[in-house]
Number of protein chains: 2
Amino acid sequence: MRVREGDKEKDILDAAIKVFAHVGFHNAKISRIAEVAGVATGSVYLYFRNKREILLKIFDKLWLNVYEGSENALQKKNLNPPEKIDEMIDILIDTFIESPSLALVFVNEQYHLMDDESASFKVYYNKFFEIGEEIIKEGIKKNIFSKSLDVEILRYYIIGGVRNLLHQWAREPEKYPLNKIRQASKYITKYGIIEK
Amino acid sequence: MRVREGDKEKDILDAAIKVFAHVGFHNAKISRIAEVAGVATGSVYLYFRNKREILLKIFDKLWLNVYEGSENALQKKNLNPPEKIDEMIDILIDTFIESPSLALVFVNEQYHLMDDESASFKVYYNKFFEIGEEIIKEGIKKNIFSKSLDVEILRYYIIGGVRNLLHQWAREPEKYPLNKIRQASKYITKYGIIEK
DNA sequence: AATAATAATGAATCAATATTCAATAATATG
DNA sequence: CATATTATTGAATATTGATTCATTATTATT
């Protein structure tokens, strides 16, 4: 019998990330993904049911990573709430450090997918968010964070801000270097723009 | 000769906003937009060159509005930098107050369009941003805003945060009422999460 | 070396829908 | 009222690209 050469599933996923990042999910052709991956068009269907499954797989891996990463990091280290927020921001940013393309796919395609009932990554996405929520609640309880804040609204604001910065970085990495957006995200989130 | 009945261009635009919001630009069928607008499929092409032109027109009107609105508001009132930031946030939020659908289109489709050379709305979008930049610079100069902030990075963070909140509101208006996200946006932007 | 079993190919199929256009409708004008 | 002019229609066309599948390639096993 014939045996599988290399890891075509990974090749296809990596190619898809590049192509999705470049032209967007809807304009991405399977034939182009196959070409970039170095396989035949039909081979893509040996590994994925259809185009959407490829995108979902990318998001599954992404959010499982992020969730597990933050779960681990926060468990072992003993941090106070502001430090924990920093840690969460670090984990999110580190997820994309090797791949601006992945950042673009995240930024451009996630909203659409949120409407999809079958998007299993949402479980981990939500868990990640719940961790954030817990941190904020803890901070408020300890009188470190402002009591007047609505926890849920806050977390959406922060993720939106960080996300938009990731987008800028992915588009123009030299102009918006990752260390700068990392530092800025942490600072603004904690202190806002008004000088203390 | 025959005369035009009503304002079909507006009907089509309004219908398109609803349909784009509902299923996304790429899944939106012209035939469905026509149906919602109450015109024949072919009529859409009397008013717009193609589907993309409809989307671009929506964004043109949107950002012209926002830009002119902020230009006016800031000119007539005499505000200090923090108040000006509040004003900008108000204008952005007020733009969508009548139409959650428009908010969804903005949130879901804008990123893709930014790559489009021919997207003329970018002029106004950038002008709006420049106003924000000026305000932040002024605040820093007056020692009201923190000196350490990178102006450009900051503005992307804020717009990202507000945007994400608009998204939540548009999806679940009862859960995330506009006045709450308005207030939260202003507070976090200015003070961050740490209690003073 | 022959066989069996699975992997991979890529041209052909097929469906979806954006766009076109020939036909029809409406009304201003003379 | 007849005509000319422009608006509107919606069925037909054309294109695009996702998906399929008959064919071919590869290698483990005997």
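Since the model is a prediction, treat every value here as computed from it, not as a measurement. Convention: sequence-line order gives letters A, B, ...; per-chain numbering from 1.
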Within residues 51-62 of chain A: residues closer than 4.0 Å to DNA chain D (heavy atoms): A:K51
Only pairs under 3.5 Å count here: list side-chain donor-acceptor contacts from residues 123-134 of chain B, not counting sequence neighbours, and write none if there are none.
{"residue": "B:N126", "atom": "ND2", "partner": "B:K122", "partner atom": "O", "Å": "3.1"}
{"residue": "B:E133", "atom": "OE1", "partner": "B:R155", "partner atom": "NH1", "Å": "2.5"}

Identity of whatever pairs with D:dT30 - Watson-Crick or G-U, under 3.5 angstrom: C:dA1
Numerically ordered, the residues 19-50 of chain A set in heavy-atom contact under 4.0 Å with DNA chain D is A:A28, A:K29, A:I30, A:T41, A:G42, A:Y45, A:N50
Provide the full list of side-chain hydrogen bond (donor to acceptor under 3.5 Å, both in side chains) pairs with a residue in residues 41-56 of chain A, sequence neighbours left out, each pair given once. A:R52-A:D116
Review item, side-chain donor-acceptor pairs of residues 160-173 of chain A, under 3.5 Å, at least two apart:
{"residue": "A:R163", "atom": "NH2", "partner": "A:V107", "partner atom": "O", "Å": "3.0"}
{"residue": "A:N164", "atom": "OD1", "partner": "B:Y111", "partner atom": "OH", "Å": "2.6"}
{"residue": "A:N164", "atom": "ND2", "partner": "B:Y156", "partner atom": "O", "Å": "2.8"}
{"residue": "A:R171", "atom": "NH1", "partner": "B:D115", "partner atom": "OD1", "Å": "2.7"}

Do the rings of A:Y157 and B:Y157 sit parallel, tilted or perpendicular, given the 30° and 60° boundaries? perpendicular
Mind listing the closest non-hydrogen atom pair of A:A16 and A:I58 along with its distance? CB-CD1, 4.2 Å
Heavy-atom pair of closest approach, residues B:G192 and B:Y187: O-CE2, 3.8 Å
Enumerate the residue pairs fulfilling salt bridge (Lys or Arg N to Asp or Glu O under 4.0 Å) with a member in residues 33-47 of chain B, sequence neighbours excluded, ordered by first and then second residue. B:R32-B:E35
So, the side chain of A:S99 versus the backbone of A:F96: is there a donor-acceptor pair under 3.5 Å, distance only? no
Looking only at side-chain N and O atoms, does A:K8 come under 4.0 Å of OP1 or OP2 in C:dA8? yes
